Structures are given as C-alpha cells and as structure tokens.
Amino acid sequence: MSDDKKLTTRAADFSAWYNELVLRAELADYSPVRGCMVIRPLGYGVWERMQRALDDMFKATGHVNAYFPLFIPESFLSKEAEHVEGFAPECAVVTHGGGKALEERLVVRPTSETIIYSMFAKWVQSYRDLPLLYNQWANVVRWEMRTRLFLRTMEFLWQEGHTAHATHDEAEEEARRMLGVYRTFMEDYIAMPVITGQKTEAEKFAGALRTYACEAMMQDNKALQAGTSHNLGQNFAKAFDLTFQNEAGEQAYAWNTSWGVSTRMVGGMVMTHGDDNGLRLPPRLAPVQVVIVPIWKTDEERDATVARARAIADDLGSFKRLEHERIRMHVDDRVGIKPGAKYYHWELRGIPLRLEIGPRDLASNQCMLVRRDTREKVAVSMDALATELPARLEAMQRDMLAAARARLEANSIRERISYDRFKEVMEGDGAFVYAGWCGDPEVEAQVKAETKATIRVIPDAEFRTPEAPTTCLVTGRPAKYEVVWAKAY
RNA sequence: CGGGGCGUAGCGUAGCCCGGUAUCGCGCCUGCUUUGGGAGCAGGAGGUCGCCGGUUCGAAUCCGGCCGCCCCGACCA
C-alpha cells in the first residue's frame with residue numbers, strides 16, 4: 001500500500017486534487033490535441049444522465065430539438081457588433097477545403113446564435129409563427145488560451161436553447177423560466193445549490209440585452225458559472241432581419257433568448273462533491289448507482305455469491321421495470337482481485353452504494369450496504385433491497401444537496417465588511433461576499449485588478465440579505481445593488 | 001503570449017552535475033497459493049531515454065535548435 005495510491009488532498013492542493021481525480025476516476029483524459037479532452041465512459045455516462053434529465057425538462061416546457069451545422073460563414077459572426085467583438089478572438093476558422101482555399105472562410109461555431117437566427121428569419125412571417133422554442137445538443141469550439149478538463153476545453157459539449165418571441169416580455173419570461181429550469185436541475189440532480197441572478201454589463205454575453213446566471217460554489221470557495229440564460233432583445237433579429245407581421249399588420253423585429261449549459265457541469269459536480277478518497281456521484285447522475293461485490297473463498301462460495309448478486313442485479317436493474325423503478329446495478333465479479341481492492345476501485349469512481357454479499361450473508365439472508373458519501377455501513381435484509389436501495393439513494397441525493405448548501409452558506413459573508421477585510425478574504429480562503437455596489441463599472445474593474453474577484457451576480461430577491469446594504473463596498477457611495485463578489489473559474 | 005516546471009516501458013520515477021551494457025515501484029502476462037478494506041511467492045514480457053543536429057572512440061548524460069505537455073497569470077461556458 002504505497003502512497004502513490006492516495007490522491008493529493010484537497011487541502012494540500014485543490015487544483016492538483018481535481019486533475020488527479022478526473023484522470024484517475026477515468027472521467028476524462030487529455031487528448032493528443034492541446035486543450036481538448038477525451039470524455040471516457042464514466043464521464044460520458046454522467047453527461048448522458050444530465051442530458052436526459054435536462055432534455056425532458058426542455059420538452060416539458062414546450063421546446064423542440066433541432067440541429068444546425070458546425071460551420072458558419074465568417075460574415076455571419078460580424079453582423080452583430082458586440083457578438084463578433086466577443087467571439088472573433090477565440091474562433092477556429094476553416095480556410096481550406098478539398099485542397100483549395102475557400103471563397104468565404106468558415107467559422108467553427110463558438111455558439112450558434114448567428115446561424116440559427118438567420119434560419120429563423122426564413123421561417124417566420126407572422127406573429128402566428130411565434131414563439132419558436134428550439135434547442136440543440138451540440139459541440140462548440142472556442143480557442144481558449146488556458147484549459148482545464150471539463151471546466152474549460154477548446155471543444156466542449158453543451159445544449160443551446162434559442163427562441164424567438166413576439167414581445168420583449170415574453171422573451172424575458174422565457175429567459176427567466178430557463179434559468180429556473182437550470183437551477184432546479186442543478187439542485188435536484190447535481191445536488192449543487194446555486195445563486196441565481198443577473199450579470200453586470202461587464203460579465204454579460206456578447207450581444208445580449210441581459211444575462212442571467214447560476215453560480216455555484218466549489219470546495220475551494222471559488223465560483224463556477226454553471227449556466228447562463230440571455231435575453232438577447234432584438235439585437236440578433238435586427239442583424240439577421242428576423243421580422244414578422246404583428247396583429248396590427250405592422251412589420252416588427254422578433255425578440256430572442258438563448259441559454260446553455262455544458263460539460264462544465266461535470267467539473268462542477270466533481271468540485272462540489274468529491275472528497276479525498278475520490279469522486280462522489282449524486283445518485284441521480286450516477287451511471288452505476290449500486291455496485292455489488294460478491295465475496296468468496298472457495299469455488300462453491302464464488303458460484304453461490306455471484307449467482308445471488310446477478311439475480312439481484314437482474315431483478316432490480318431489469319429493463320422490464322419502468323425507468324423510475326429501475327436501479328442501475330453492476331456486479332463486480334472479477335476474479336483474482338480481493339474485495340478490499342474492489343472497494344477502493346468503486347469509491348474512487350464515486351459509485352453511491354456498495355452491496356457486499358459473502359457466504360455469511362447468504363446464510364443469514366442479508367447483505368452489507370455501504371454509502372459512499374458517509375461510508376456508513378449497515379446490514380440489510382435481502383428481502384428489503386427493493387425498497388431499501390431506492391430509499392437510501394434518495395436519502396443520499398438529499399443529504400448531498402443539504403451538505404453542499406450548508407457549505408455554501410458557511411462560506412458566504414453577509415455581514416458588512418470593509419474593503420480591506422474584503423481583500424484579506426480574497427487573498428485567503430475566499431468566499432461569496434454579499435455587498436453593496438454603487439453600479440460603477442470602473443469600480444468593478446478596479447476590484448478585479450486588485451483582488452481577482454468579480455461580481456458573480458446581482459442576486460435574485462430570495463438570495464439577498466434581509467437588510468440590504470446601503471453603501472458601496474469600495475467607494476462608500478450609496479449602493480445601487482446588492483451583489484455577490486467572488487473569485488471565479 | 002509572459003513566468004515556472006517537466007519530457008526515460010501503460011503510469012510514476014532514479015540515473016544527468018562528473019559521458020562507458022537502462023534503475024526502482026505500480027501496472028501487465030503465466031503458474032500456484034489467496035479473497036469480509038489496496039494479497040503473497042516464483043517466473044516473464046515490455047524502451048527510437050520527446051525530436052533534429054553537433055562534440056566524442058562512445059551521448060539519457062555535454063552543447064545548439066526545435067516540439068510537446070502541465071502549472072501560475074492576462075481572456076473565457
């Protein structure tokens with residue numbers, strides 16, 4: 001048992017811990033191309049669970065899926081001034097095809113507003129054609145200077161919703177609705193509590209009227225922007241001539257929204273729940289929820305325990321069961337590996353529950369059940385598994401959210417502090433600091449330069465401090481907003 | 001792009017200063033014994049020492065150039 005089996009601890013080096021964990025738990029690996037990653041089956045399995053849950057939520061809120069191409073004519077990008085300024089520097093551009101220089105260069109999509117709204121313009125004539133509520137699951141490319149597995153890669157997977165509406169208020173409602181969908185998903189599935197709110201001008205999406213975001217707190221107290229939803233106003237409609245005839249018979253520009261979440265959420269999940277023993281997967285996202293480890297000494301015992309393990313897995317994991325009643329099971333019947341080694345193997349990978357079935361258990365018609373989050377170990381009757389396992393999985397899902405929420409609050413500073421104290425906090429352990437802001441972008445830039453902290457959001461009402469701050473943290477001038485400051489990924 | 005670090009077997013490394021047959025651990029393969037918290041013993045496979053050039057009888061080691069990756073910063077889902 002040498003030390004190289006142990007992970008670097010979070011306390012020793014959070015960044016190293018994260019990288020090691022992602023690699024060793026086999027979530028992802030570095031690719032031959034700098035800044036790109038290979039998502040391995042465990043990581044992709046988590047992403048698939050995320051996709052399913054979100055896709056259902058999108059459908060339930062009236063959206064349909066479609067697919068738009070990877071290549072976008074370069075000229076499209078430049079039709080919206082702020083948009084091109086924001087994205088052009090990080091675009092990959094195709095200059096040649098079939099061995100010849102292209103007449104017009106093609107941008108590999110960094111996001112699809114331009115191509116989608118140019119198509120919407122073809123499809124919309126009347127207010128009766130609205131709203132258009134589209135989503136696509138896709139990959140996008142942004143030429144990032146510095147990358148990190150899942151958190152920032154040059155190519156990443158995401159979904160991008162794009163909608164068109166007849167009025168500003170409808171678009172605003174949509175942008176808000178989808179922010180709420182994201183929040184629900186992050187809390188109910190990733191067990192990752194978030195602060196929602198509006199982005200400042202400096203932080204908003206290039207080309208948007210307003211940007212809303214979900215901000216989560218990682219275990220190093222840094223913020224992770226986990227999802228964004230934009231009210232695009234009529235900026236893109238004007239750029240792409242997305243017009244319709246309204247009820248009064250007049251031509252009007254449509255109002256758009258776009259919203260997206262990405263594989264970055266997998267990184268968020270890791271940094272929210274991982275511990276020094278490895279990954280901890282929220283049960284709802286775990287590709288395997290229960291791993292059964294049969295234990296034996298003799299061949300006869302092996303036959304018996306493996307058979308029993310398979311019978312349980314086949315029953316509770318059967319595809320004949322309705323999905324919500326099905327438990328995702330795996331039997332680790334590898335020979336030549338001792339049980340202890342298997343325990344470490346699955347703990348590193350964050351599988352929520354482990355069932356140990358040995359000869360003694362067969363004799364007493366019970367088995368040992370171990371929770372990954374608490375490592376609590378209890379004996380459970382074999383006959384009770386069909387109810388015990390789902391109950392424990394649900395309890396884990398709840399407990400993980402509660403623990404993460406407690407950590408978020410414990411590392412938030414809501415009392416009024418001086419700017420000097422603020423600097424100390426940001427140089428030290430970090431925190432989400434709720435404070436007044438006079439609304440001056442210069443102040444925001446100054447704080448960023450001095451402390452690396454930024455305004456994560458102007459929080460929505462429910463997240464605000466009961467007694468609103470009256471003065472600006474930095475200038476002492478009257479506070480225009482209460483904002484959340486933090487260092488971010 | 002600036003700063004730092006590193007390229008030696010699948011992974012992690014020693015050797016480099018002071019040139020002379022490639023080190024160790026993990027992993028892998030075979031066999032036997034094991035299996036309720038990272039098994040033991042025995043045998044075995046696996047290497048263009050990142051690339052190119054130079055110095056030398058001889059280069060992982062010295063010199064020059066290049067490439068790649070990771071970490072820290074400026075930019076970002």
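All chains are named by letter (A, B, ...) in the order of the sequence lines, taking the proteins before the strands, and each is independently numbered beginning at 1. Just so we're clear, the structure is a prediction, and the values are computed from it rather than from any experiment.
- Between the P atoms of B:rC6 and B:rC62, the separation comes to 13 Å (whole Å).
- Each of B:rG37, B:rC75, B:rA74 was ranked by its minimum atom distance to the side chain of A:Met145; first place goes to B:rA74.
- Nucleotides B:rC63 and B:rG7 are separated by 15 Å at their P atoms, to the nearest Å.
- Within the 4.0 angstrom heavy-atom criterion, no nucleotide atom of any strand lies near A:Pro89.
- Of the charged side-chain nitrogens involved, at least one lies within less than 4.0 Å of a carboxylate oxygen, so that A:Arg372 and A:Asp275 count as a salt-bridged pair.
- The distance between atom CZ of A:Arg372 and atom P of B:rG37, rounded to the nearest whole Å, is 17 Å.
- The gap from the C1' atom of B:rU13 to that of B:rC49 amounts to 13 Å, rounded to the nearest Å.
- Base contact: A:Gly358 has a heavy atom under 4.0 Å from a base atom.
- Here the nucleotide nearest the side chain of A:Glu144, chosen from B:rA74, B:rA77, B:rG37, is B:rA77.
- Note on A:Met368: a base of the nucleic acid sits closer than 4.0 angstrom, heavy atoms only.
- Residues A:Lys487 and A:Asp220 are not paired through a salt bridge, judged by the lack of any N-O separation under 4.0 Å between the basic side chain and the carboxylate.
- The side chain of A:Ser15 has B:rC71 as its nearest neighbour among B:rC71, B:rA77, B:rU35.
- The aromatic rings of A:Phe236 and A:Phe205 lie tilted to each other, with the angle between the two planes from 30° to 60°.
- In the interface, the side chain of A:Glu347 is paired with the base of B:rG37 through a donor and an acceptor atom under 3.5 Å apart.
- Rounded to whole Å, the distance from CG on A:Asn19 to P on B:rC11 is 17 Å.
- Here the P atom of nucleotide B:rA77 and the CE atom of A:Met178 are 19 Å apart, to the nearest Å.
- Residue A:Tyr344 and nucleotide B:rG38 are classified as a stacked aromatic pair, their ring centres being separated by less than 5.5 Å at an interplanar angle below 30°.
- Across the protein-nucleic acid pair, A:Trp17 atom CH2 and B:rC70 atom P stand 19 Å apart, rounded to whole Å.
- In this structure, CZ of A:Arg24 is placed 11 Å from C1' of B:rC26, rounded to the nearest angstrom.
- Between the NZ atom of A:Lys338 and the P atom of B:rU34 there is a distance of 11 Å, rounded to whole Å.
- Evaluated for a ring pair (Phe, Tyr, Trp, His ring centres under 6.0 Å) with A:Trp437, the options A:Trp485, A:Tyr419, A:Tyr481 yield exactly one hit, A:Tyr481.
- How far CG of A:Leu232 is from OG of A:Ser258: 4.0 Å, rounded to the nearest 0.5 Å.
- B:rA60 and B:rG50 have their P atoms separated by 10 Å, with the value rounded to a whole Å.
- Of the charged side-chain nitrogens involved, at least one lies within less than 4.0 Å of a carboxylate oxygen, so that A:Glu187 and A:Arg183 count as a salt-bridged pair.
- Checked against B:rU35, B:rA39, B:rG37, the side chain of A:Val370 finds its nearest nucleotide in B:rG37.
- For A:Tyr343, the listed nucleotide lying nearest its side chain is B:rG36; candidates were B:rA39, B:rG36, B:rC75.
- Under the stacking definition used here (centres under 5.5 Å, planes under 30°), the residue A:Phe156 qualifies as stacked on the base of B:rA77.
- Note on A:Glu215 versus A:Lys199: salt bridge recorded, some NZ/NE/NH1/NH2 to OD/OE distance being below 4.0 Å.
- Nearest nucleotide to the side chain of A:Pro359, out of B:rA77, B:rG36, B:rG73: B:rG36.
- Of the listed nucleotides (B:rC71, B:rA77, B:rA39), B:rA77 has the atom at the smallest distance from the side chain of A:Ser262.
- As a whole-Å value, the separation of A:Tyr30 OH from B:rG10 C1' is 17 Å.
- Atom name P, nucleotides B:rC32 and B:rC24: the rounded distance is 28 Å, in whole Å.
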Strand RNA chain B as a dot-bracket string - pairs counted if Watson-Crick or G-U with both distances under 3.5 Å, | where the partner lies in another strand: ((((((((.[[[..)....(...]]].((((((.....)))))).....[[[[[..)....]]]]])))))))....

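- Comparing the same atom, P, in B:rA9 and in B:rU23 gives a spacing of 13 Å after rounding to whole Å.
- The separation of B:rA22 from B:rU61, taken at their C1' atoms, amounts to 12 Å, rounded to a whole angstrom.
- Rounded to whole Å, atom P of B:rA74 lies 14 Å from atom CD of A:Glu450.
- Using a 4.0 Å cut-off between charged nitrogen and carboxylate oxygen, A:Arg142 and A:Glu155 do not count as a salt-bridge pair.
- For the P atoms, the distance linking B:rG15 with B:rG47 amounts to 23 Å, nearest Å.
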